[in-house]
There are 2 protein chains.
Amino acid sequence: MPSGRKPAAPDTNARDRLIEATAKLMRDEGYAAATSRRVAAEAGVKQALVYYYFPTMDDLFVEVLRSGADASLERMRAALTADDPLQTLWDMNSDSRLTGLNTEFMALANHRKIIRTELRAYAERVRDIETAAVTVAMRARGLDTEKYPPVAISMLIAQTARSLCNEDAVGVTLGHAELRSLIAARLAEFS
Amino acid sequence: MPSGRKPAAPDTNARDRLIEATAKLMRDEGYAAATSRRVAAEAGVKQALVYYYFPTMDDLFVEVLRSGADASLERMRAALTADDPLQTLWDMNSDSRLTGLNTEFMALANHRKIIRTELRAYAERVRDIETAAVTVAMRARGLDTEKYPPVAISMLIAQTARSLCNEDAVGVTLGHAELRSLIAARLAEFS
DNA sequence: GTCTATAGTATGATAGAC
DNA sequence: GTCTATCATACTATAGAC
């Protein structure tokens, strides 16, 4: 295979570095900080090169969302067939790197049509996978999937994890211990 | 009383109009759209006047947060002594005007210290009030506040309502009906 | 309290050399 | 594929007239 190398090194091609640099800036300083100049500097290239790979900055943002989404979906598919899908669901939605980016994209999506469309498509694919995993887990334990629809349970777990993460990010921790142990007790019933 | 008028009219003084215009722009187009020029135009004044009332744009943002927070806390205090505090808690956190602004402030808070500090203080005051209301409601119905800490219950209700609202804003509705009716059934047990 | 005018800087995007 | 150079535009913030 001629081009079979996949270096995990920090630098691959310029395009990938630009995408990664944009994600980093969005996480650390918000989407408004991800300007063509700053993104280029972070990736170690000149500003004009951004427009060689991406027609507009919005196209760059969409690509950041897509590549992150693909990686996330891949991880989720693998993880949710594991021993403890519900705990895995909780853990994955507690990753502050992901929830931080997600907040930025939610804010961006509120006023940019292309990003809204892309984010919606991604969110629904994620929900489908998560719901499938919860369905399997609940049936295996003989739980009532009529009274407690798996899609509702998976939303409850994912959204609670993400909310706690978002609050942590701004320094709000009041009540977190209580909610965490309540969830932990509930999740333990499934294991 | 010399200055006792409180006109609900769209125009009061310039300062208030600037704060309201900023909130509107943040809701409709995101915080990045709330520039001194656009805010001034929306309020019907000239750009330089923004800096007469607010030393920097961040000071304006903080003031938007404060005035919104004060109004919200006032409404919440009044509402939570009502007949059905838990339903009220749900309804107040389902207001898309508030949750939209909240998303913007969360994103802003992720990279602006002053706003993070202000948002944290507000979030904790809100949580205190909500928790107090849930405590009263649970005790009145003889529910176990040891096993189900009121602060955790109030967080669960508020965050679920807000999450559904945030998703609605970007067009995601998958699973909402199921989660809503699950919550409705739970809330009904308290009434 | 509200304005005009402007300084100084950063932005998205393009043209064209190599 | 990557660069230099630049245009047109927008931004925050200040100075100073009225």
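Chain letters run A, B, ... following the sequence lines, proteins first, then strands; residues in each count from 1. Note: hydrogens, waters and symmetry copies are ignored here, and every other heavy atom, side chains too, is used. None of the values given here were measured: they were computed from a predicted structure.
- Between the A:T35 side chain and the A:R38 main chain, a donor and an acceptor come within less than 3.5 Å of each other.
- A distance-only check finds no donor-acceptor pair linking the side chain of A:E42 to the backbone of A:A21 [under 3.5 Å].
- Within 6.0 Å of the CG atom in B:D144, the count of heavy atoms belonging to other residues, nucleotides or ligands exceeds 12.
- Here A:V50 lies out of heavy-atom contact (under 4.0 Å) with every strand.
- Between the CZ atom of A:R37 and the P atom of D:dA5 there is a distance of 14 Å, given to the nearest Å.
- For B:Y53, a side-chain nitrogen or oxygen approaches OP1 or OP2 of C:dT2 to under 4.0 Å.
- Mapped onto DNA chain C by nearest heavy atom, A:A48 and A:A32 fall at different nucleotides, with A:A32 at the one closer to the 5' end.
- Going from atom OH of A:Y31 over to atom P of C:dG12 covers 13 Å, rounded to whole Å.
- Between B:Y52 and C:dT2 there is no side-chain polar atom (N or O) within less than 4.0 angstrom of OP1 or OP2.
- Distance B:R38 CZ to D:dC11 P: 8 Å, rounded to the nearest Å.
- No hydrogens or angles were tested; on distance alone, nothing pairs the side chain of B:Q47 with the base of D:dA10 as donor and acceptor under 3.5 Å.
- Ranked by how close their nearest DNA chain D nucleotide is to the 5' end, B:S36 and A:R15 are led by A:R15.
- Linking Ile, Leu, Val, Met, Phe, Trp and Tyr residues whenever their side-chain heavy atoms come within less than 4.5 Å leaves B:F61 and B:L98 in two separate clusters.
- Atom CZ of B:R17 is separated from atom P of C:dG1 by 13 Å (rounded to the nearest Å).
- Not a single donor-acceptor pair under 3.5 Å links the side chain of A:R162 to the backbone N or O of A:N93.
- Between the C1' atom of D:dA5 and the OH atom of A:Y51 lies a distance of 15 Å, rounded to the nearest Å.
- In this structure, B:M57 atom CE and C:dT9 atom P are separated by 20 Å, rounded to whole Å.
- To the nearest angstrom, C1' of C:dA17 lies 15 Å from CG of A:L49.
- Atom CG in B:L25 sits about 15 Å away from atom C1' in D:dA10, given to the nearest Å.
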